[in-house]
Colleague: 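Shown below is the structure under consideration.
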Number of protein chains: 2
Amino acid sequence: MAYDQLYLSHQFCFPLYAASKAVTRQYIPLLKETGLTYTQYIAMLALYEHGSMDVQDLGKILYLDSGTLSPLLKKLEAAGYIEKTRGEDARFVTVEVTEKGFELREKLSKIPSSVACCIPLKKEEAIAMIEGCKKILEALE
Amino acid sequence: MAYDQLYLSHQFCFPLYAASKAVTRQYIPLLKETGLTYTQYIAMLALYEHGSMDVQDLGKILYLDSGTLSPLLKKLEAAGYIEKTRGEDARFVTVEVTEKGFELREKLSKIPSSVACCIPLKKEEAIAMIEGCKKILEALE
DNA sequence: TTCATATAAATTGCATACAATCTAATTGGC
DNA sequence: GCCAATTAGATTGTATGCAATTTATATGAA
């Protein structure tokens, strides 16, 4: 067929796009009791792991820009999980996890295993996929 | 460390989420001249490949619900690429590609190869990732 | 010093995603 | 035939994503 290359099943992008959404959806019910969304969850993970940082650095870690992060951080601040402070150079905003934010970590720590057990992949398969994703990110970002 | 399992780098979800967004972003400049978004693009591909169908079947193929598809199809219809008609059972809406929609296919047919050449994976790696994604979709949908 | 340039974050505008609800139409039990 | 239960799609509300613009601040060359 002349338009073979347009078959959804021949596209690399589509399974990735659909699977990513499917995995993300698994988090929604688990995060419900914390009131966090998936994006807010990964933002908290980045802050736990790397400590305080400015919005730009957080954006580099999460591959998100200020258009996404600004309103998201405002919500996390309103919920009391983070604090934002202008630095000496007042252009920068430092984001810091609060006491309440660290308390949240206990609840969040149970989530990864709940999701992992729904993913029907062997360890090597999962590792291969993660490596593939990392190669893509290095090449495209 | 007590919270190892919360490291972003230990999460399966995050590389998948970030890589999927990175790949999708590659389409944006390529689709710009057609006026389509990425989601509109995959909707057109599904319709080219499977022919006319109702909204529900399209949603099953794309893993999208009517909340996403209704406004999206409205835009594709306004652009003249599809037509929506109520069937004999007036609850169903049949979506059909128009003449103009089929003309668009020529332009779209050049896009997959442009994206593919930016993906730094060997053929076997890409196939393994697609297989992994399909397993996830089967398990979670 | 002064003002053009550059930079970080916030805001704006548009298009998803998706849960929840609503509306219109159909079907099934009686 | 009548009406409760179902079903398909549309709508509503909230939260991203991201490009483009704006705002506030800092820097650097004349």
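Letters A, B, ... mirror the listed sequences (proteins, then strands); counts begin at 1. All figures in this text were calculated on a predicted structure; none of them were measured in a lab.
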Colleague: Between A/Leu30 (CG) and C/dA19 (P), how many Å, whole number?
Modeller: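 Rounded to the whole Å, the gap is 13 Å.
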Colleague: Could you give the CG-to-P distance, from B/Leu62 to C/dT16, as a whole number of Å?
Modeller: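 For the pair B/Leu62 CG and C/dT16 P, the rounded distance is 12 Å.
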Colleague: Could you check, using the six-membered ring where one of them is a Trp, whether B/Tyr63 and A/Tyr17 have ring centers closer than 6.0 angstrom?
Modeller: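 No, the ring of B/Tyr63 stays outside the 6.0 Å limit from the ring of A/Tyr17, centre to centre.
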Colleague: Below 4.0 angstrom from OP1 or OP2 of D/dG9, is there any side-chain N or O of B/Ser66?
Modeller: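 Result: no.
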Colleague: Looking for any heavy atom pair under 4.0 Å, which part of the strands does B/Thr37 touch: base, sugar-phosphate only, or nothing?
Modeller: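 Counting heavy atoms under 4.0 Å across all strands, the contact made by B/Thr37 is with sugar-phosphate only.
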Colleague: Nearest to the side chain of A/Arg91 - D/dA24, D/dA8, D/dG9?
Modeller: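 Within the option list, the nearest is D/dA24.
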Colleague: Are any of the side-chain heavy atoms of B/Arg25 and A/Leu140 separated by less than 4.5 Å?
Modeller: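 In short, these two side chains do not touch, never coming nearer than 4.5 Å.
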Colleague: 5'-most contact on DNA chain D: B/Ile28 or B/Thr94, nearest heavy atom basis?
Modeller: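 The residue mapped nearer the 5' terminus is B/Thr94.
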Colleague: Does D/dT11 have OP1 or OP2 under 4.0 Å away from a side-chain N or O of B/Lys74?
Modeller: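 Looking at the OP1 and OP2 atoms of D/dT11, one of them is under 4.0 Å from a side-chain N or O of B/Lys74.
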Colleague: Give a yes/no answer on whether the side chain of B/Lys84 brings an N or O atom under 4.0 Å of OP1 or OP2 in D/dA10.
Modeller: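 For D/dA10, OP1 or OP2 has a side-chain N or O of B/Lys84 closer than 4.0 Å.
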Colleague: To the nearest Å, how far apart are A/Leu36 CG and D/dT14 P?
Modeller: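 Interatomic distance, CG of A/Leu36 to P of D/dT14: 18 Å.
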Colleague: Counting only heavy atoms not in B/Glu125, do more than 12 fall under 6.0 Å of its CD?
Modeller: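 Atom CD in B/Glu125 is packed in, count exceeds 12.
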Colleague: At less than 4.0 Å, is any side-chain N or O atom of A/Thr39 found next to OP1 or OP2 of D/dG17? Yes or no.
Modeller: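 Yes, A/Thr39 has a side-chain N/O under 4.0 Å of OP1/OP2 on D/dG17.
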Colleague: For A/Tyr63 and A/Glu88, take the nucleotide of DNA chain D holding the closest heavy atom to each; which residue's nucleotide lies nearer the 5' end?
Modeller: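 Its nearest nucleotide being more 5', the pick is A/Tyr63.
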Colleague: Phosphate oxygens OP1/OP2 of D/dT16: is one of them under 4.0 Å from a side-chain N or O of B/Lys21?
Modeller: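 Negative; the distance criterion is not met.
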Colleague: When we call it a touch if two heavy atoms are under 4.0 Å apart, what does B/Thr68 touch: a base, just sugar-phosphate, or nothing?
Modeller: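 Base contact.
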Colleague: Going from CG on A/Leu73 to CD1 on A/Ile82, what distance comes out if it is rounded to the nearest 0.5 angstrom?
Modeller: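 Atom-to-atom, A/Leu73:CG and A/Ile82:CD1 are 4.5 Å apart.
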Colleague: Given D/dT11, C/dA17, D/dA26, identify the nucleotide with an atom nearest to the side chain of A/Arg25.
Modeller: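 Of the options given, the side chain of A/Arg25 lies nearest C/dA17.
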Colleague: Rounded to the Å, how far apart are A/Asp57 CG and C/dT7 C1'?
Modeller: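 Going from A/Asp57 (CG) to C/dT7 (C1'), I get 14 Å.
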Colleague: In whole Å, what is the span from the CG atom of A/Leu73 to the C1' atom of D/dT16?
Modeller: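 Answer to the nearest Å: 13 Å.
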Colleague: With the side chain of A/Leu64 defined as its heavy atoms from C-beta on, choose the nearest nucleotide among D/dG9, C/dT11, D/dC18.
Modeller: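 The listed nucleotide nearest to A/Leu64's side chain is D/dC18.
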Colleague: Can you find a pair of side-chain heavy atoms, one from A/Leu31 and one from A/Leu108, that are under 4.5 Å apart?
Modeller: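 With C-beta onward as the side chain, the pair touches.
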Colleague: Relative to the 5' end of DNA chain C, which residue comes earlier, A/Val93 or A/Ala22, by the nucleotide with the nearest heavy atom?
Modeller: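 The residue mapped nearer the 5' terminus is A/Val93.
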Colleague: In whole Å, what is the span from the CG atom of A/Leu58 to the C1' atom of D/dT16?
Modeller: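 For the pair A/Leu58 CG and D/dT16 C1', the rounded distance is 15 Å.
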Colleague: D/dG17 C1' sits how many Å from A/Leu69 CG, rounded?
Modeller: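 The distance from CG of A/Leu69 to C1' of D/dG17 comes to 10 Å, rounded to the nearest Å.
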Colleague: Between C/dA17, D/dG9, D/dT16, which nucleotide gets closest to the side-chain atoms of A/Tyr17?
Modeller: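 Between C/dA17, D/dG9, D/dT16, the one nearest the side chain of A/Tyr17 would be C/dA17.
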Colleague: So, taking the atom named CD1 in B/Ile130 and the one named NZ in B/Lys135, what distance separates them when rounded to the nearest 0.5 Å?
Modeller: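 So the gap between those two atoms works out to 13.5 Å.
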Colleague: Please pick, from C/dT16, C/dC18, D/dG9, the nucleotide with the shortest atom-to-atom distance to any side-chain atom of B/Leu72.
Modeller: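 Out of C/dT16, C/dC18, D/dG9, the nucleotide with an atom closest to B/Leu72's side chain is C/dT16.
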Colleague: Across the strands shown, which category fits B/Asp89 at heavy-atom distances under 4.0 angstrom: base, sugar-phosphate, nothing?
Modeller: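 Sugar-phosphate: the residue B/Asp89, judged by heavy atoms under 4.0 Å, touches backbone atoms but no base.
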Colleague: From CD of B/Gln40 over to P of C/dA17, roughly how many Å is that when rounded to an integer?
Modeller: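 Between P of C/dA17 and CD of B/Gln40: 10 Å.
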